[in-house]
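What follows is a single structure, written as structure tokens, with notes after it.
Numbering of ligands and ligand atoms starts at 1, following listing order. As a basis for the values below, the full set of heavy atoms in this structure was taken, side chains included, without hydrogen atoms, waters or symmetry mates. These numbers come from a predicted model, not from an experiment.
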Amino acid sequence: MPKVSIVDILAAKVPENSEALVEGWVRTRRDAKGFSFLEINDGSCLANLQVVAGEEIAAYDEVKNAHTGAAVSLRGLVTASPGGGQKWEVRAAEFKVVGPAAPEAYPLQKKRHSDEFLREIAHLRARTNKFGAMFRLRSRCAWATHDFFRARGFFQVHTPVITGSDCEGAGELFRVTTLPAGGGKIEDDFFGREAGLTVSGQLEGELLALALGKIYVFGPAFRAENSNTPRHAAEFWMIEPEMAFADLRDDMDLAEALIKHVVSFALDEAREDLALFDRFVEPGLFARLENMAGQAYARLPYAEAVDLLKTSKKKFEFKPEYGMDLQTEHERFLCEEHFKKPVFVHDYPAAIKPFYMRLSDDGRTAAAMDLLAPKVGELVGGSQREERLDVLEKRMDETGMNKENYEWYLDSRRFGTAPHAGFGLGFERLLMMLTGASNIRDVIPFPRTPKNLEF
Ligand code: 4AD
Ligand code: MG
């Protein structure tokens, strides 16, 4: 007996009047005289399958026990549905409750629940329409990312999760230790030295780019950022390509192409799931995404961005000032109100950027870029890297770094150094941009945020 997915039945990939074995979870059941209608969802797509089970089947008692949330297994004929609303249905001949769900106790009854409530039962929320759609979309966007790089000759590399270096130098490293609570000597610790969870795979990624030419990292990053904002998670996933023999412009071109590819892919291949967000989360989502896939993004130097903010009529909580980081309100003004599309801001003051970014000839700015996108603010952060050994060492000294820990990194500049560039794209922020979700906690199955370590 062929086991079939509901997505295939609904796409008419299963011949009419053939037998099928369907397994999934009951969304609703409606009893009529002598038979019942069940809506079954198996996670393969947003839509449910209608199942008709009449009292002539031996297991009709089982049907009456199939409450919302129960796992069921059934066998029956795939037929054209006479009722409106669906094309196909299955007439059950055999029916079994595999795992019951008590009707009074199951928290997900047929009504709309708030995101806040669902966050509290994140272990069950993937069974709702919205979160099922979200996590299918998340997976598809990961496929699209791999497709994108593969088609362009990039190799995926796996960089360490446990590391001894702090790429961003922002002091947000989670420590990794086997020392007993309360302390102990660092020599006795597992690695015999300070260790932490990676904040970015970039530094190791650079080493591989200076060997394989074009690489990307797609892995988790960890930051003990105390900012309890809707856009920051302590554990998030980052896509980090790195290209040898490339400059900042190549970097921006690559980021723009990647985003357009993923957005187009989602519009084409995840339309049913996206439509849920267009309908219930952000009316007009499709138009916004089509816009993002279709038009060139704005690009302007940081100094011009600051001028633009200063001369705008907008009242900001934080006054824009040259030499300061752009605040979220500034970023949103630029992409949502001024340009009304994604904006690359580039050539930031070197002083507010990490050590590895290439110092420009003016001696004040670094070859850095951030992509600011409507809805999420900073979506991408990247740069051309400092490939000149002397300039890099000077910068490391200025920022108070211990060069001894980075000899391996400096070696890449001692031997066969070459211009190179890369960026990091926050995968959760990409999903927020794609769905209109306003909280990062709703685009990752089990979010990690300050004071929150459920599951
Ligand atoms: O701008 P960031 O800090 O850049 C880096 O880490 C570079 N080493 C990347 C590189 O060049 N290879 O982070 C890159 C992106 C941000 O633009 C944002 O989208 C995301 O990562 N990000 C976060 N996403 C969720 N939660 C957080 N706490 C994040 N911090 C950064
Ligand atoms: Mg950044």
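With respect to the salt-bridge test (charged N to carboxylate O, under 4.0 angstrom), the residues Arg231 and Glu378 do not qualify. Taking 4.0 Å as the cut-off between side-chain N and carboxylate O, Arg125 and Asp442 count as a salt-bridged pair.
Remark: distances from the non-hydrogen atoms of Ile440 to ligand 1 include one below 4.0 Å. Residue-ligand proximity: Tyr356 is placed with a non-hydrogen atom under 4.0 Å from ligand 1. Using a 4.0 angstrom heavy-atom cutoff, Glu242 does not count as in contact with ligand 1. Residue contacts with ligand 1 include Glu168, since one or more of its heavy atoms lies under 4.0 Å from the ligand. Ligand 1 lies out of reach of Glu206, whose nearest heavy atom is not under 4.0 Å from it.
Within the cation-pi definition used here (under 6.0 Å to the ring centroid, within 45° of the axis), Lys260 qualifies as a partner of Tyr297. A cation-pi arrangement, defined by a distance under 6.0 Å to the six-membered ring centre and an angle within 45 degrees of its axis, is present between Arg271 and Phe286.
Residue-to-ligand polar distances place Ala233 within reach of ligand 1: an N/O pair is separated by less than 3.5 Å.
Under the 30°/60° scheme for interplanar angles, the aromatic rings of Tyr302 and Tyr348 are found to be tilted. Between Phe333 and His338, the ring-plane angle classifies as tilted under the 30° and 60° cut-offs. In this pair, Phe218 and Phe427 present their aromatic rings perpendicular. The plane angle is above 60°, beyond the 30 to 60° band. Relative ring orientation between Tyr406 and Tyr409 is described as perpendicular, the plane-to-plane angle rising above 60° on a 0-90° scale split at 30° and 60°.
Nearest to atom 15 (C) of ligand 1 by heavy-atom distance, out of Ala373, Gly424, Ser383, is Gly424.
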List the steps and the verdict of side-chain contact (heavy atoms from CB on, under 4.5 Å) for Glu398 and Phe355. CA-CA 9 Å; Glu398 283 166 8; Phe355 77 97; over 6 Å; no
Step by step, work out the side-chain contact (heavy atoms from CB on, under 4.5 Å) result for Leu392 and Leu359. CA-CA 9 Å; Leu392 182 61; Leu359 193 66; over 6 Å; no
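Summary of contacts: the protein heavy atom closest to atom 17 (O) of ligand 1 is Glu378 OE2, 2.6 Å. Of all protein heavy atoms, the one closest to atom 20 (C) of ligand 1 is Gly426 CA, 3.7 Å. Of the protein's non-hydrogen atoms, Arg223 NH2, 2.7 Å is the one closest to atom 6 (O) of ligand 1.
The CG atom of Leu38 sits 6.5 Å away from atom CZ of Arg29, with the distance rounded to the nearest 0.5 Å.
For Glu225, every heavy-atom contact with ligand 1 shorter than 4.0 Å involves the side chain, none the backbone. Looking at Phe222 against ligand 1, nothing comes within 4.0 Å, counting heavy atoms. The part of Leu379 lying near ligand 1 is the backbone, judged by heavy-atom distances below 4.0 Å.
Nearby protein atoms of type N, O or S around the Mg ion (ligand 2) amount to 1 (distance under 2.8 Å).
Here the closest heavy-atom approach between residue Cys335 and residue Pro374 is recorded as SG-N, 3.5 Å.
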